[in-house]
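One structure is given below, encoded as structure tokens.
Labels below follow one simple rule: chain letters A, B, ... track the order of the sequence lines, proteins then strands, and each chain is numbered from 1.
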2 protein chains.
Amino acid sequence: MTADRREAINQYIQSRGEVRLKELEQRYTDVSSMTLRRDLEFLERQGRIVRIRGGAKSLAHLSMLKEAAYTQRQVANTDAKLVIADKAIRLLSPGRSVYIDSGTTCMCFAQRLPDQNLFVLTPAPNIALELVKNANVKINLTGGQLNRETLTLSGFNAIEYVKALNIDLAFVAASAFSLPNGFTCGDYFEAELKRLIIRKARQVVILMDASKLNSNMPYTFARLQNIYALVSDILLPDEYQKAARQAHVLLL
Amino acid sequence: MTADRREAINQYIQSRGEVRLKELEQRYTDVSSMTLRRDLEFLERQGRIVRIRGGAKSLAHLSMLKEAAYTQRQVANTDAKLVIADKAIRLLSPGRSVYIDSGTTCMCFAQRLPDQNLFVLTPAPNIALELVKNANVKINLTGGQLNRETLTLSGFNAIEYVKALNIDLAFVAASAFSLPNGFTCGDYFEAELKRLIIRKARQVVILMDASKLNSNMPYTFARLQNIYALVSDILLPDEYQKAARQAHVLLL
DNA sequence: CAAAAGATGTTAACAATTAACATCTGACAT
DNA sequence: ATGTCAGATGTTAATTGTTAACATCTTTTG
């Protein structure tokens, strides 16, 4: 069916960010390349992708790049972030009240979020906008002052809002982790918010790719014993596994 | 100078949304098309544009399209909104504390906002992200629940935040205006927020294109006598002008 | 001032896109 | 069942845009 194929192609582009016509030709040997071109043309008219020479790109992916350009940050380790996001998704269930932190890892997570009945609180306006496409998700932003580096809201208003809400499950990103200092980040106000979230949430899940291991940032916001699960892209080295076991932390 | 040309090309693309190589060739007759290609390549590497066959597109423009696609809304009356935005910009001065409402008119306004020392409060996450590029603007979001139709935050947290801040100048969008009912909008919570803003702000400026005249939405949030100025794309019909004069409203 | 790095121009080979037309397929009315 | 129609698909040639490689010019830097 035409519509199905187009949907599948769109999915593929959204998840990979980009596709070459060659790839599609290999994937869909039963239709001609002209048909695939027409599919891309169709999706472009829908405003879901942009065609580039030799293929097409996802708009969502492009806006992530745009943010990266603004914040002078590159989207590093995309594969790792996808792995983490997919593992973390499994911890969800419908009807929950969840907190989704800011950062590119959490953005990946948000993009993968199934469209089920959820209450979401986030301090990241870009993540909030990403979630608009999930019709069943109630989206709440903390409010506060926007840090243009991290695209994160923080400050007294954020704090007040979090205090007033109940969170089942908090997905929190960490900029760095080491055994002596625990989970750390680089902004005082963001650390303050994270600490509050971690105190208030029933279960805390840290999302962190392995490149953050054994490094430190100025502000500690959590230790192993404060969290429920730690989701990473690879199996952690032995010493970390041991520490996690001692602290009864689920490793994913 | 190379950098200047590239900057100019980028500006051009950002303002028009898209450019053909042909256009650039006509505009820059003193350099070869290969150089212009390389300029586009450069800008693409910076993540500011995407190259498409025969030219390039602005990322910012693409994300607007994306939003439009999500919200099923078309960006109508773009020209009118640009006229309004440019008129409204003149009311600004550095150091002010301003409120910028949600909606496409306000988005245009935000895109045109000069990069000067300003404190901005907005209930629109997309506008907040747009302002990230203005390094001198302090961006504050109200927080609250996100309405996925209007991309507007509202609710108790938004209200609390606004109560706590002082606003010099509020730029408020109106969905409809009629003499009997005044300025109206379609969402109860958004009307509530607008009313509060209008009470608290020192000066209130309504941004509204002429297509909204003589129509009504369920919730009235202001009357002519509550506002300082009304910015529209064209000269209003006589009866409105007369009413505005009586209420001492500046018409722009 | 010379060397190096960067920007620009020219060309030819290459690759992707378009347009036009032919063909197929499924839905629908008869 | 059959004819008809619209939309989807396939094929090809002509067009157009892109890349790569190299030569030349300009600017920066030691």
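Distance CE (B:M34) to P (D:dA20): 9 Å, rounded to an integer number of Å. When rounded to the nearest whole Å, the span between CZ of B:R37 and C1' of D:dT18 equals 6 Å. The separation between B:L40 atom CG and C:dA7 atom P is 15 Å, rounded to whole Å. Atom CZ of A:R5 is separated from atom P of D:dG7 by 16 Å (rounded to the nearest Å). What separates CG of A:L21 from P of C:dT17 is a distance of 6 Å, to the nearest Å. Residue A:R20 contributes atom CZ, which lies 14 Å from atom C1' of C:dT17 at whole-angstrom precision.
Residue contacts for A:R51: at a heavy-atom cut-off of 4.0 Å it reaches the sugar-phosphate backbone alone, with no base atom in range. Using a 4.0 Å heavy-atom distance criterion, B:I52 is classed as a sugar-phosphate-only contact.
When distances are taken from the side chain of A:S32 to each of D:dT9, D:dG10, C:dG9, the shortest belongs to D:dG10.
Side chain to side chain, A:Q145 and A:S154 fail the donor-acceptor criterion of an N or O pair below 3.5 Å. Donor-acceptor pairing under 3.5 Å is recorded for the side chains of A:D101 and A:Y99.
Both the sub-6.0 Å distance and the 45° axial angle are satisfied by A:K194 relative to the ring of A:F221.
For A:R38 and D:dG10, a side-chain-to-base donor-acceptor distance below 3.5 Å is present, hydrogens and geometry of angles not being considered.
The phosphate of D:dG10 (OP1 or OP2) has a side-chain N or O of A:T35 nearer than 4.0 angstrom. For the pair B:K22 and D:dG17, the criterion of a side-chain N or O lying under 4.0 Å from OP1 or OP2 is met.
Using a 30° and 60° split on the angle between ring planes, B:Y188 and B:Y219 fall in the perpendicular class, above 60°.
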